[in-house]
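Worksheet for the structure shown next.
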Amino acid sequence: MPEKEKLRIDKYLWAIRIFKTRTLASDACKAGRVKLDNQNIKPSHEVKIGEIYQVSKGIERKVLQITGLLEQRADAKTVVDFYKDITPVEQTQAFKSMFHAPILKRDRGTGRPTKRDRREIDDLKDDFFDKQTDVSE
């Protein structure tokens, strides 16, 4: 893959497959979801090797260190060589634990939950998420 000396951050984030389109990467920069040293950066910011960026994408937060510049979008196996994911383990586990939340299903035809049922469901959900935050602290 060809390397380049000057590269925009929006193009770089698109090339390493953090965002699906360059427009989404540019919009994330404009919205303040891409930071360098806790400072918002513009989509035209030039990427330099060794810099560390904080990228927020939905509920997911990543900390990326630049190890190489990639101008064109490449396959996922190749892209891994151009950045290093240094996201703290606590943040990664907290993000993954959200997908292991209990899924509550009601039997078909039982109707809407009563006020008592609703309170029990809320208590169950609250207990699960309280346990998750206690584990990560």
Tell me yes or no: between the side chains of Y12 and H45, is some donor less than 3.5 Å from an acceptor?
no
All side chain to side chain contact (heavy atoms under 4.5 Å, CB included) counterparts of K48, not counting sequence neighbours
E51
Lys/Arg-Asp/Glu bridge criterion (N-O < 4.0 Å) met for D10, R8
yes
May I ask you to say whether R118 pairs ionically with D122, meaning some side-chain N is under 4.0 Å from a carboxylate O?
yes
Residues in side chain to side chain contact (heavy atoms under 4.5 Å, CB included) with R116, at least two apart?
T114, E120
Just to verify, what does E46 make a salt bridge (charged side-chain N to carboxylate O under 4.0 Å, His left out) with, not counting sequence neighbours?
none
Rounded to the nearest 0.5 Å, what's the gap from CG on L70 to CG on L7? Could you check?
8.0 Å
Can you get from I9 to I18 by hopping between Ile, Leu, Val, Met, Phe, Trp and Tyr side chains that sit under 4.5 Å apart?
yes
Using 0.5 Å steps for rounding, measure from the NZ atom of K11 to the NZ atom of K6.
14.0 Å
Cluster membership besides I52, Ile/Leu/Val/Met/Phe/Trp/Tyr side chains within less than 4.5 angstrom, sorted by chain and number, is V63, I86
Donor-acceptor pair, R73 side chain versus W14 backbone, under 3.5 Å?
yes
List the atom pairs, with distances to 0.1 Å, where a side-chain N or O of residues 24-40 and a protein N or O form a donor-acceptor pair under 3.5 Å, not counting sequence neighbours.
| residue | atom | partner | partner atom | Å |
| --- | --- | --- | --- | --- |
| K35 | NZ | N40 | OD1 | 2.7 |

Using the side chain to side chain contact (heavy atoms under 4.5 Å, CB included) criterion, which residues pair with T67? Sequence neighbours excluded.
K84
